[in-house]
Amino acid sequence: MAPLFTRDELADATGGTARGLSEEGISSISIDSRDIALGGALFVAIKGERFDGHDFVDQALENGAAAAMVSQEKAGGLSGPILVVPDALEGLEALARAARARSRAQIVAVTGSVGKTTTKEALRLVFSAAGNTHASIKSFNNHWGVPLTLARLPRDVDFGVFEIGMNHAGEITPLVKLVRPHIAVITSIAPAHLDAFGSLEGIARAKAEIFSGLEPGGTALIGADHDQLGLLRQEAERAGVGTVVTYGLAPDSDWQVTDYQVLGDAASAEIRHGDEHYRLTIAAPGRHMVANAAGALATAVLSGIDPSVALGALAAFGAQAGRGQKSLLGEADVPLVLTDESYNANTASMRAALEVFASQEAPGGRKIVVLGDMLELGKDSAALHASLADAVGASGADRVYLVGEHMWALAEALEAGRVTLHAKSAEELAEPLLDSLAYGDAVMVKGSNGMRLAGLVQKIRDKFQ
């Protein structure tokens with residue numbers, strides 16, 4: 001099998017100096033010394049906020065790395081096979097550019113306030129059914145995750161799918177100019193990181209930076225189920241994008257979701273595109289999940305994939321861990337039903353999750369929601385938290401547990417006595433929540449990642465598995 005990069009290609013791409021590297025080069029790239037593939041890996045010694053990768057070069061080499069790419073200022077005391085570059089992160093970006101330049105794959109980039117990781121996973125499924133596919137793992141969507149994923153792009157894949165995130169304006173532009181997608185997808189605009197932008201319009205303009213990296217003749221694919229669609233169209237036109245396609249539940253979408261139906265733990269809908277009608281079935285309920293799948297279907301067809309292939313692949317599309325994944329814990333006849341939404345939260349994703357929970361039944365007990373703070377919402381935080389009161393009421397929850405200081409606004413907006421317990425932290429809530437749960441209950445846990453609700457989810461698993 002051809003190497004990811006030969007020794008000479010590494011040196012040429014980065015302008016670095018190779019010391020002790022095998023001519024065969026490397027077969028993979030990692031920035032974590034603990035996560036080194038068996039032989040052949042290049043360890044990139046990035047300096048982060050908490051750790052400096054240069055402190056782990058020896059460990060990476062001991063763990064089987066073929067070489068380490070290090071910054072010149074830190075190279076003096078290092079031994080073993082190394083590639084010395086001016087700056088390790090810039091060297092990683094150079095490898096990303098080199099991998100993209102040689103690739104003939106169809107490249108898709110995805111961003112959005114909600115649904116980008118889920119949509120990326122749907123695209124991974126669809127493209128994998130049609131050819132060799134390389135896609136972002138986890139949420140590798142930031143200033144090191146995107147170049148790392150791109151630098152790992154094999155020579156001979158047919159499709160590449162890249163997730164691009166941001167916390168501030170200007171962050172997407174350099175990343176998408178590395179990726180250079182043929183299709184740029186914006187899933188939705190919602191109040192996430194609102195404190196950094198001040199308005200939904202500011203968020204939309206920042207997300208629209210993804211259009212700046214489109215390849216000539218590329219396509220903008222935009223989710224239509226939000227109020228910023230017109231602004232995104234304007235931004236696409238301003239960026240010189242010739243083709244703009246929309247998808248979603250909105251009636252005038254180019255790929256419109258209609259006839260949504262819940263089928264137990266699955267969902268079905270008709271997707272209308274011009275004169276064509278497609279029946280889509282996915283392995284999870286939720287209008288938002290169907291909309292994400294519709295975006296994947298549209299992307300596939302725009303990429304030349306037969307709709308029947310895409311629809312067949314999407315039949316296995318379901319919620320991911322931390323993003324709506326449902327587990328049945330304990331005995332099969334009367335399990336505890338756990339829905340894990342602990343990875344992130346804003347008003348749009350909260351409402352979507354509560355709508356799905358409303359359609360869910362407890363197998364023999366109560367319906368319970370645990371809602372944590374939605375972080376980084378700025379001056380509108382209290383109003384946005386309070387705005388969820390109707391969705392909580394419609395969810396059918398018998399008990400409501402709240403976590404975090406911002407949730408006081410929701411507590412006050414709910415009817416008196418509606419909140420079972422309001423805790424300052426997940427740790428404070430854990431014991432009383434676990435003591436109250438029983439087999440037969442259905443419980444959903446959702447909040448921003450910073451609220452550390454994933455630990456609470458794990459404690460529920462540990463007790464009831």
Side-chain angles (χ1 to χ4, degrees), residues 118 261-267 282-289 316-345 349-373 388-389 391-404 407 410-411 414-415 417-449 451-465:
T118 302
Q261 301 175 26
V262 176
L263 307 172
D265 289 335
I282 62 173
R287 296 176 196 274
H288 62 299
M289 292 292 288
F317 172 54
Q320 307 295 307
R323 295 178 169 87
Q325 188 176 78
K326 191 166 85 169
S327 303
L328 304 181
L329 308 180
E331 298 297 328
D333 52 347
V334 188
L336 182 140
V337 183
L338 173 64
T339 302
D340 177 11
E341 286 269 9
S342 62
Y343 185 77
N344 224 330
S349 65
M350 277 281 195
R351 286 186 171 277
L354 287 165
E355 180 183 352
V356 172
F357 194 65
S359 68
Q360 183 177 322
E361 296 182 0
R366 304 151 300 173
K367 296 181 67 174
I368 298 161
V369 293
V370 180
L371 305 178
D373 282 352
L388 296 175
V392 172
S395 72
D398 299 296
R399 293 192 174 190
V400 178
Y401 292 85
L402 302 179
V403 183
M407 276 295 167
L410 176 57
L414 291 169
E415 296 176 3
R418 191 75 176 86
V419 178
T420 305
L421 179 64
H422 185 182
K424 293 180 181 178
S425 66
E427 292 77 11
E428 180 181 306
L429 179 65
E431 184 174 350
L433 174 66
L434 291 172
D435 287 345
S436 72
L437 292 178
Y439 290 109
D441 290 342
V443 56
M444 182 185 76
V445 181
K446 184 165 182 64
S448 286
N449 196 35
M451 296 306 296
R452 303 172 68 177
L453 295 180
L456 185 61
V457 168
Q458 188 57 52
K459 288 177 181 178
I460 297 173
R461 290 186 188 280
D462 291 344
K463 179 172 181 179
F464 291 92
Q465 185 66 57

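Atom set for the values below is all heavy atoms of this structure, side chains included, hydrogens, waters and symmetry mates excluded.
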Which atom pair, heavy atoms only, marks the closest approach of [X] to [Y]?
X: Pro363; Y: Pro335; result: CG-O, 3.3 Å
X: Ala345; Y: Gly447; result: CB-C, 3.5 Å
X: Val356; Y: His288; result: CG2-CE1, 3.6 Å
X: Gly286; Y: Ala267; result: N-CB, 4.4 Å
X: Arg366; Y: Ala362; result: O-CB, 3.5 Å
X: Met289; Y: Pro285; result: CG-O, 3.6 Å

Hey, does the side chain of [X] reach the backbone of [Y] with a donor-acceptor pair shorter than 3.5 angstrom?
X: Lys459; Y: Glu431; value: no
X: Asp441; Y: Val443; value: no
X: Thr339; Y: Lys326; value: no
X: Lys424; Y: Leu429; value: no
X: His422; Y: Gly404; value: yes
X: Tyr439; Y: Phe464; value: yes
X: Gln465; Y: Lys463; value: no
X: Ser395; Y: Ala397; value: yes

*For a side-chain contact (heavy atoms from CB on, under 4.5 Å) with Leu433, tell me which candidate from Thr420, Ile460, Val445, Val403 qualifies.*
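Looking at Thr420, Ile460, Val445, Val403, the match for Leu433 under the side-chain contact (heavy atoms from CB on, under 4.5 Å) is Ile460.
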*asked:* Apply side chain to side chain contact (heavy atoms under 4.5 Å, CB included) to residues Glu341 and Phe357 and explain how you reach the verdict.
replied: CA-CA 11 Å; Glu341 286 269 9; Phe357 194 65; over 6 Å; no
*Could you go step by step and tell me if Met444 and Val370 meet the side chain to side chain contact (heavy atoms under 4.5 Å, CB included) rule?*
CA-CA 6 Å; Met444 182 185 76; Val370 180; over 6 Å; no
Calculate, to the nearest 0.5 Å, the distance between atoms [atom1] and [atom2] belonging to [X] and [Y] respectively.
X: Ser327; Y: Asp340; atom1: OG; atom2: CG; value: 7.5 Å
X: Leu354; Y: Leu371; atom1: CG; atom2: CG; value: 6.0 Å
X: Met407; Y: Leu388; atom1: CE; atom2: CG; value: 6.0 Å
X: Gln360; Y: Lys367; atom1: CD; atom2: NZ; value: 6.5 Å
X: Leu421; Y: Ser436; atom1: CG; atom2: OG; value: 9.0 Å

*For the pair Leu453 and Lys446, evaluate side chain to side chain contact (heavy atoms under 4.5 Å, CB included) and give the outcome as yes or no after the intermediate values.*
CA-CA 7 Å; Leu453 295 180; Lys446 184 165 182 64; 5.8 Å; no
_With a sphere of 6.0 Å drawn around CZ of Arg452, does it hold more than 12 non-hydrogen atoms of other residues, nucleotides or ligands?_
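It does not: Arg452 CZ has 12 such atoms or fewer within range.
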_Quick one, Tyr401 and Ile368 - any side-chain contact, counting heavy atoms below 4.5 Å?_
yes
*Do Arg287 and Glu355 meet the salt-bridge criterion of a basic N to acidic O distance under 4.0 Å?*
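Answer for the salt bridge query: yes.
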_Before you tell me yes or no, could you show the steps for Ser448 and Asp373 under side chain to side chain contact (heavy atoms under 4.5 Å, CB included), namely the whole-Å CA-CA distance, both residues' side-chain angles and the distance that decides it to 0.1 Å?_
CA-CA 6 Å; Ser448 286; Asp373 282 352; 5.9 Å; no
